[in-house]
Amino acid sequence: MRRYVSSVRSEDDIKNFILDNTEIVSGQSLTPEISLRLFTPTCRFWTEKPELWPFPDPYWAIYWPGGQALARYLLNNPEVSEGRKVLDLGCGCGASAIAARLSGASHVVANDIDPIAAVATKMNCELNNVDPLPCVTDNMIGSKPEAWDLILLGDMFYDEGLADRLHKWLQTCISTYGTQVLIGDPGRAQFESHDIRKLLHPLAYFELPDSVKEENYGLTRSTVWCYKPNL
């Protein structure tokens, strides 16, 4: 399987690999109106030895609970993204970016350092009758801020070092351009214990579907957070 990497020469090769190793999932999340190509128990790599996976870890193949809450919030409140320039940072499967576009955002960019996630996001756009979104695979954390109206982050606070870098960069974006930042997280310890938590207030809580609870080791709900005014 590892030899597959050297044989991949085009985006079409990656698309075919994703088609062969994922299933279309809808109706088993907080956003049943969005269909996504994901891992399921019937997919080969659900139980296959991890070392046989030929690409970076496939975070894009799971619809994480923080991203689900974020996408649900955008769909429930289209005025949040309508007419705005939106960045989905660490987009994974692209669900939040798709939700922003479906809610009327004027410009949406999906960002993930995994190029396979970028291809998966484009495929998921097609599934949902959304024009393919621009996907950037550069690491934008720490880069010179752009004039984003809204930055979305789902399930990004899983590592303390990453959380520190994110917090610093987000504060720069907010102070430079007045960017609104929305964070989706199901209550992971790394997020709850970080200093950033004191600067946020909750916008919405969502009870997770039973299947999502089972896949996420007992997490029961997911929350959308934003920075408090006058940061």
Side-chain angles (χ1 to χ4, degrees), residues 1-68 70-72 74-75 86-103 105 107-141 152-156 158 184 209 211-212 214-216:
M1 284 299 300
R2 293 235 177 232
R3 288 196 295 272
Y4 185 89
V5 175
S6 62
S7 71
V8 171
R9 286 186 286 269
S10 72
E11 188 170 304
D12 285 340
D13 292 323
I14 298 172
K15 284 183 177 180
N16 288 332
F17 186 86
I18 292 173
L19 287 170
D20 289 342
N21 290 283
T22 60
E23 289 188 338
I24 297 174
V25 177
S26 59
Q28 301 174 29
S29 70
L30 289 174
T31 57
E33 59 269 71
I34 293 180
S35 298
L36 300 167
R37 283 206 159 271
L38 304 171
F39 282 166
T40 71
T42 60
C43 294
R44 173 190 170 189
F45 283 98
W46 188 269
T47 56
E48 186 60 273
K49 294 179 180 179
E51 58 268 24
L52 295 181
W53 179 256
F55 300 120
D57 290 341
Y59 297 114
W60 54 266
I62 298 172
Y63 194 8
W64 301 96
Q68 290 193 31
L70 204 52
R72 181 72 269 159
L74 294 176
L75 292 171
V86 180
L87 171 66
D88 183 7
L89 187 71
C91 66
C93 65
S96 295
I98 291 168
R101 193 69 189 91
L102 290 172
S103 299
H107 182 63
V108 181
V109 172
N111 168 242
D112 200 296
I113 59 173
D114 182 358
I116 312 304
V119 177
T121 293
K122 292 178 182 178
M123 294 174 70
N124 288 330
C125 286
E126 293 173 8
L127 276 180
N128 294 280
N129 298 313
V130 171
D131 291 337
L133 299 172
C135 295
V136 176
T137 56
D138 297 332
N139 185 354
M140 299 182 71
I141 302 170
L152 309 172
L153 302 95
D155 304 278
M156 287 288 285
Y158 54 82
S211 60
V212 179
E214 293 171 6
E215 292 169 4
N216 287 275

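Residues take their numbers from the sequence shown, with the count starting at 1.
- Residue Cys125 comes nearest to Ile98 through the heavy atom pair N-CD1, 3.8 Å, listed as atom of the first residue, atom of the second, then distance.
- Taking both residues in full, the closest heavy atoms of Ile34 and Ala99 are given as CD1-CB, 4.1 Å, listed atom of the first, atom of the second, then distance.
- Every residue was checked against the salt bridge (charged side-chain N to carboxylate O under 4.0 Å, His left out) condition with Asp112, not counting sequence neighbours, and none meets it.
- Rounded to the nearest 0.5 Å, atoms CG (Leu75) and OG (Ser96) are 9.0 Å apart.
- Residues that satisfy the side-chain hydrogen bond (donor to acceptor under 3.5 Å, both in side chains) test with Glu23, not counting sequence neighbours, are Thr40, Thr42.
- Take Glu48 and apply the side-chain hydrogen bond (donor to acceptor under 3.5 Å, both in side chains) test, not counting sequence neighbours, and it matches Arg44.
- Among residue pairs with one or both ends in residues 29-42, those qualifying as salt bridge (Lys or Arg N to Asp or Glu O under 4.0 Å) are Glu33-Arg72; sequence neighbours excluded.
- When all heavy atoms are compared, the tightest approach of Asp114 to Asp57 is OD2-O, 3.8 Å.
- Atom OH of Tyr59 is separated from atom CG of Asp155 by 12.0 Å, given to the nearest 0.5 angstrom.
- Minimum heavy-atom separation, Gln68 to Thr31: O-CG2, 4.1 Å.
- Among residues two or more places apart in sequence or in another chain, the side-chain hydrogen bond (donor to acceptor under 3.5 Å, both in side chains) test is passed with Ser35 by none.
- Taking the side chain as every heavy atom from C-beta outward, Leu87 and Met140 approach each other to under 4.5 Å.
- With values rounded to the nearest 0.5 angstrom, Ile113 atom CD1 is found 8.0 Å from Ile141 atom CD1.
- We find the CG-CG distance between Leu102 and Asn128 to be 6.5 Å, quoted to the nearest 0.5 Å.
- Distance check: Glu11 CD to Asn16 CG gives 11.0 Å after rounding to the nearest 0.5 Å.
- Sorted by first and then second residue, the salt bridge (Lys or Arg N to Asp or Glu O under 4.0 Å) pairs with a member in residues 125-138 read Lys15-Glu126; sequence neighbours excluded.
- With hydrogens and angles ignored, the 3.5 Å screen pairs no side-chain donor or acceptor of Asp20 with any backbone N or O of Phe17.
- In terms of heavy-atom proximity, Val212 sits nearest to Pro65 at CG1-CB, 4.3 Å.
- Scored by the side chain to side chain contact (heavy atoms under 4.5 Å, CB included) test, Pro134 finds His107, Val109 as partners (sequence neighbours excluded).
- Residues that satisfy the side chain to side chain contact (heavy atoms under 4.5 Å, CB included) test with Ala110, not counting sequence neighbours, are Cys91, Ala97, Thr121, Cys135.
- Put simply, the side chain of Leu74 reaches to within 4.5 Å of the side chain of Leu152, judged on heavy atoms.
- Legend: residues meeting side chain to side chain contact (heavy atoms under 4.5 Å, CB included) with Ile62, ordered by chain and number and at least two apart, are Trp64.
- Contacts of Phe39 classified as ring-ring contact (aromatic ring centres under 6.0 Å, His included), with partners at least two apart in sequence or in another chain: Trp53.
- Across Cys93 and Leu36, no two heavy atoms sit closer than the pair SG-CD1, 3.8 Å.
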ask   = Between Phe45 and Leu52, is a side chain to side chain contact (heavy atoms under 4.5 Å, CB included) present by the stated rule, with each step listed?
value = CA-CA 9 Å; Phe45 283 98; Leu52 295 181; 4.3 Å; yes

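- Residue pairs meeting the ring-ring contact (aromatic ring centres under 6.0 Å, His included) criterion with at least one member in residues 109-130: none, sequence neighbours excluded.
- The closest side-chain heavy-atom distance from Phe55 to Ile18 is not below 4.5 Å.
- Residues satisfying the side-chain hydrogen bond (donor to acceptor under 3.5 Å, both in side chains) criterion with Thr137, sequence neighbours excluded, are absent altogether.
- With rounding to the nearest 0.5 Å, the separation of CG in Asp88 from CG in Leu133 is 9.0 Å.
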